[in-house]
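Comments concern the structure below.
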Amino acid sequence: MDIKDIAIKNLLRRKGKAAFILAGLVIGVATVVGVTTYIDTMTAEINDKLEKYGANILIVPKTDNLSLSYGGVTLGGVSFEMQEIQQVELESIQAIKNARNIAAVGPIVLGGVNSGTQRVLLAGVDFKVSGILKPWWKITGKYPDTNQVLLGADVARVLAVETGGEIEIDGHRMPVTGVLHPTGSQDDQLIFTNLGTAQVLLGKPGIVSMVEVAALCNACPITDMVQQLSAALPMAKVMAIQKVVKSRMETLGQFKQFSFGISAVIALVGGLVVLVTLMGSVRERRREIGIFRAIGFRKGHIMRIIFLEAGVVSLLAGIIGYGVGITAAALGFRFLGGHTGGVSLDPVLASSAVVMAVSVGLIASVYPAVMASRLDPNEALKAL
Amino acid sequence: MGFIIADQLNKTYGTGDSAVPAVSEISFEVETGEFIAVMGESGAGKSTLLSIMGAMNTPTTGAYIVDDINVYRLSQDQRADFRREFLGFIFQSFHLVPYLNVIENVMLPLTTARLRRGKKRDMAMKALSSVDLESKAFRLPNQISGGEKERAAIARAIVNEPPILLADEPTGNLDSRNSRGVMRLLSRLNGQGMTVIMVTHSTDCAGYARRLLELSDGRLVSSAEPETTSRLRAVRVA
């Protein structure tokens, strides 16, 4: 018989109180695990979606000339003496270290053309990757094929042309297969066509003016990829669209903060449950503690009994709470939707849950343990 | 010099106008192997004196010395060690821990000792055997009688073979037959060399003691051999 036996036997005797502490901590741990799992899974999924939400790296020619603005990013002097990029050089993009993190590469050739009396900017793009690079595009009609065009909303309005109509570009009649819904960006003022068609119309075969890249930046810092692309394309200027990157990081940060906030509140509530229950237990056990002290238990022995009891219950609560939390998260996804994949068991989260439960249990039991150890044996026995 | 020395012990509860003296100017000495009975009316200071002797109640003034150890100069943890090594307690209400069986209750004073589990169990069984309670070793306290509870409490008090046994009304909750059994047991332990100090209201019980300390209003009014002792001796001889 040792102190551990006393702690275990007391827990078994006071099953109701032990169960109450256990339930309080299990609910706390399960909530933290559930919320953390839910948020981590959703964050990963949102991150995955965000990563595909348009381009986050731009590759433009190095130039000292005056420039035009596109999408808030300064381009090389597209309308003047432009140092443009050879399309074949883009193959080196797929050779960079983090090539697997590239979701889409969208070369664009830009140039001014005449449509009737209007001077308009023509953009040749690869429509196969438009879904990734410009997921916000909505089109009345369809993407154009060779020698066909897609009009920005403003261009269609100014030229008074609709889907199914025709426009003239530098003397070539070209069918309009679709019109973009207003985007609020400079895309509204562009005529889009197939990259090859635009290169022919602009007299720039094999040349691109800029390249949009969508990178999956969850596993790799976007700045690393910018460096790798800069090394692969020494004649080009590679830059991250900071606004997009920053907003992604902020979104993730907010989710994390929410998760931490919930965890802190739940941990506090769990701790209070342990504290209040143990204080009640210490009051009930005055006589018993008095006996222990009278027959020679030191203060430390009394504290060890309380800590052992709290530790055992907390350890159990951590293990059970993790299981309940994971199950709750899985059920949450099943019934609330929002995630199609399963919930994976995370050993780090599991051990964190156990460590959290034990820590909360032990910290909350410090005060009751100190109170118990300070009980005057004479007073405790006399109070009966 | 006595084995136990109470020197000018005073204990006052409260302060100022509400101060109540519980024991006043109590001095006595106890030799090793003595059997002392402490008697007096309710409120005479018996329990306060016993708690001071139990190293659980610091006197307001005075010194309490056991085996040359000035007990109240020890730290609280040292006093706990002192209680474990020098004292065995027998409480009036048994004070057995309800969720531990009899042998576990008896082993309680050995809980913190660095002894093998088997050794502790052997010592507890030996103590239970000395009070004739081995057969109830694995019963819970609520499964044994009052007399058996008292014997279990005595076994707990002697399991680590302390030199001093402090008993607070050990027969207070027992019928006369069980009371006699307990008193014979205490006499036997005293005969084996254990110093026994017992608070009692019963003159019959006091008769088993070699010396009677009589308290009144917190003061020691007499220290003598109880009348019944000589009478009982005569009976025993007869």
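Just so it is clear: chains get the letters A, B, ... in the order the sequence lines come, proteins before strands, and each one is counted from 1.
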A/K299 side chain near B/Q76 side chain, heavy-atom distance below 4.5 Å: yes
Residues A/R298 and B/D81 bridged, charged N to O under 4.0 Å: yes
Whether over 12 other heavy atoms sit under 6.0 Å from A/Y367 OH: no
B/R188 atom CZ, neighbour heavy-atom count above 12 within 6.0 Å: yes
Heavy-atom pair count under 4.5 Å with chain B, highest-scoring of A/R293, A/R14, A/R285: A/R293
Which portion of A/L12 sits near chain B, non-hydrogen atoms under 4.5 angstrom: neither
Donor-acceptor contact present, side-chain B/R84 to main-chain A/F297, <3.5 Å: no
Over 12 non-hydrogen atoms of neighbours within 6.0 angstrom of CG in B/D217: no
Other residues, nucleotides, ligands: >12 heavy atoms within 6.0 Å of B/E41 CD: no
Reported CZ-to-CD1 distance for the pair B/R156 and A/I295, which is rounded to 0.5 angstrom: 5.5 Å
Side-chain ion pair, B/R114 and A/D2, N-O less than 4.0 Å: no
Residue-level contacts of residues 97-113 of chain B with chain A, using a heavy-atom cutoff under 4.5 Å: B/V97, B/P98, B/Y99, B/L100, B/E104, B/M107, B/L108, B/P109, B/T111, B/T112
Student check: side-chain heavy atoms of B/R117 and A/D5 closer than 4.5 Å: yes
Chain B contact via A/R304 - which portion, at a heavy-atom distance below 4.5 Å: neither
Nearest atoms (heavy-atom pairs only) where A/A294 meets B/R83: O-CD, 3.2 Å
